[in-house]
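Sharing a structure with you now.
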Amino acid sequence: MTTDMALADIDLLLDDIRGSVARVGAALDSLTDLQAREPSALLGWSRGHVITHLARSADVYRWLLALARTGTEPGPRADAATLDRALREGAERCAGELVADLRGSLDRLLDEAEAMPAERWPHLVTALAGWRHPAWFTLHRCRRELETHHVDLNLGYAAADWPSGYVTWALDDTVAALTARNFPVARIQATDLDRAWTLAPTGPTVTGAGHALLAWLTGRGPDTHLRSNIPRPTPPSWPLPPTPGWP
């Protein structure tokens, strides 16, 4: 897979992330301590867990961008155990602390992205799971986290509210990963996007609105609004590992 991405496209992606950040921020403006402790849409996670996860994910992405920008690690890297401990301990904070932490982490991430020289965006960085990707793909990862976990907050934002541009990109990325892993679906067709994807030589053809298809594939909604000619398989747990072929 290519490491190139046009600078104009990166600027547009940054604008999209700012929009995602603004929507999450607006949803959390009036969050109460009670709401922060209530269950999210993720089993075993409160809203405090989701907010803390988003904040620590933004820190990870900022660390990767700083590494790409300077060529030097910007301090120690948090490992999986450290991030898990931070999630458990951070989730119990009051609403004000949770929201302020998330806003600060996202602001610092955007500042780091805006400071990135154009020639450094193709620089390869390594995800905690060990796979490598260009620095610009970090922005896609961030947007996917924001849009997906905004739904998980269970504060009125649903898959139907996802921007169509995000849905199209996320379907492209998700279908590519599923195809590489022989997911037994022949074809997926997004009726509202006028897009279709061929995955396998056999299996069902699944049809529906793009956001409903993405919600089904990522475990963020029922498949009751989808149509298929034969029974559908259960998608693997999200997030999927990266598509084979990254450098």
Side-chain angles (χ1 to χ4, degrees), residues 10 12-28 31 40-68 77-78 80 82-84 86-88 90-91 98-99 101-113 125-131 133-155 157-159 161-163 165-174 176-177 211 214-215 217-221 235-243 246:
I10 292 173
L12 289 174
L13 180 52
L14 278 170
D15 285 341
D16 290 334
I17 292 174
R18 293 185 189 100
S20 298
V21 168
R23 287 189 292 275
V24 171
L28 297 176
L31 188 75
S40 72
L42 291 177
L43 183 64
W45 277 25
S46 68
R47 291 191 180 99
H49 283 94
V50 175
I51 297 167
T52 302
H53 172 74
L54 281 172
R56 299 292 72 81
S57 295
D59 292 343
V60 169
Y61 301 145
R62 177 170 56 89
W63 191 95
L64 290 173
L65 290 183
L67 172 62
R77 182 175 191 175
T82 300
L83 291 172
D84 182 65
L87 175 66
R88 287 184 281 105
L98 287 164
V99 175
D101 178 28
L102 177 57
R103 291 178 196 258
S105 293
L106 291 170
D107 285 345
R108 289 188 291 273
L109 170 62
L110 288 171
D111 286 344
E112 186 63 52
V125 295
T126 305
L128 193 59
W131 57 286
H133 61 77
W136 54 259
F137 193 75
T138 303
L139 302 180
H140 281 300
R141 294 176 63 191
C142 177
R143 190 186 186 198
R144 180 165 52 194
E145 286 280 315
L146 287 165
E147 290 297 332
T148 303
H149 291 310
H150 193 173
V151 171
D152 295 335
L153 284 170
N154 197 22
L155 289 171
Y157 191 78
D161 298 309
W162 282 332
Y166 166 71
V167 171
T168 300
W169 173 83
L171 281 173
D172 281 341
D173 188 72
T174 302
H211 70 269
L214 182 60
L217 293 173
T218 59
R220 261 63 189 185
S237 298
W238 186 90
L240 294 169
T243 304
W246 278 113

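Every value quoted in this text rests on a predicted model; they were computed, and no experiment measured them. Atom set for the values below is all heavy atoms of this structure, side chains included, hydrogens, waters and symmetry mates excluded.
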Query raised in the report: Any Lys/Arg nitrogen of Arg108 or Asp111 sitting under 4.0 Å from an Asp/Glu carboxylate oxygen of the other?
Result: no
Report summary line: Tested for side chain to side chain contact (heavy atoms under 4.5 Å, CB included) against His53, the lone hit among Leu102, Leu83, Leu87, Asp152 is Leu87
Query raised in the report: What pairs with Asp16 under salt bridge (Lys or Arg N to Asp or Glu O under 4.0 Å), at least two apart in sequence or on another chain?
Result: Arg143
Requested in this report: Could you tell me the separation between the CZ atom of Phe137 and the CZ atom of Arg144, rounded to the nearest 0.5 Å?
Outcome: 5.0 Å
Query raised in the report: How far apart are the closest heavy atoms of Val151 and Ala159, and which atoms are they?
Result: CG2-N, 3.9 Å
Requested in this report: Nearest 0.5 Å please: distance from the OG atom of Ser105 over to the CG atom of Leu54.
Outcome: 10.0 Å
Query raised in the report: Quick one: are Leu214 and Trp169 in side-chain contact, heavy atoms under 4.5 Å?
Result: no
Query raised in the report: How far apart are the C-alpha atoms of His133 and Arg141, what are their side-chain angles, what is the distance that settles it, and do they pass the side chain to side chain contact (heavy atoms under 4.5 Å, CB included) test?
Result: CA-CA 11 Å; His133 61 77; Arg141 294 176 63 191; 3.0 Å; yes
**Report entry** Qualifying residues under side chain to side chain donor-acceptor pair (under 3.5 Å), relative to Arg103, sequence neighbours excluded
**Finding:** Asp29
**Report entry** Interatomic distance, Trp45 atom CH2 to Ile51 atom CD1 [nearest 0.5 angstrom]
**Finding:** 11.5 Å
Report summary line: Residue pairs meeting salt bridge (Lys or Arg N to Asp or Glu O under 4.0 Å), one or both in residues 48-61, sequence neighbours left out, come to Arg56-Asp59, Arg56-Asp101, Asp59-Arg62
Report summary line: In terms of heavy-atom contacts, Arg18 and Asp15 come closest through NH1-OD1, 2.6 Å
Report task. Mind checking side chain to side chain donor-acceptor pair (under 3.5 Å) for Ser46 and listing every partner two or more places apart, or none if nothing turns up? Result -> His49
Query - Minimum-distance pair of heavy atoms, taken over all atoms of Arg77 and Ala127 - result: NH2-C, 3.4 Å
**Report entry** Chi angles and distances behind the side chain to side chain contact (heavy atoms under 4.5 Å, CB included) call for Leu155, Leu31
**Finding:** CA-CA 9 Å; Leu155 289 171; Leu31 188 75; 4.3 Å; yes
Query raised in the report: Heavy atoms, side chains only, cut-off 4.5 Å: are Leu109 and Val21 in contact?
Result: no
Requested in this report: Enter the distance from Glu112:CD to Thr138:OG1 here, rounded to the nearest 0.5 Å.
Outcome: 10.5 Å
Report summary line: side chain to side chain contact (heavy atoms under 4.5 Å, CB included) filter on Asp172, not counting sequence neighbours, yields Thr168, Arg195, Trp197
Query raised in the report: Considering all heavy atoms of both residues, which atom of Ala113 and which atom of Leu14 are nearest to each other, and what is their separation?
Result: CB-CD2, 3.6 Å
Report task. Drop me the distance from His149's NE2 to Arg220's CZ, to the nearest 0.5 angstrom. Result -> 6.0 Å
**Report entry** Counterpart residues, side chain to side chain contact (heavy atoms under 4.5 Å, CB included), relative to Asp84 (two or more places apart)
**Finding:** Arg88
Report task. Could you tell me which non-hydrogen atom of Ala78 sits nearest to which non-hydrogen atom of Leu128, and how far apart they are? Result -> O-CD1, 3.8 Å
Report task. Kindly compute the distance separating CH2 (Trp162) from CG (Leu171), expressed to the nearest 0.5 Å. Result -> 9.0 Å
Report task. Would you mind checking if Asp161 and Arg23 are paired as a salt bridge, meaning a charged N to carboxylate O distance below 4.0 Å? Result -> no
Query raised in the report: Any side-chain heavy atom of Leu153 sitting closer than 4.5 Å to one from Leu28?
Result: yes
Query raised in the report: Considering all heavy atoms of both residues, which atom of Leu64 and which atom of Thr126 are nearest to each other, and what is their separation?
Result: CD2-O, 3.5 Å
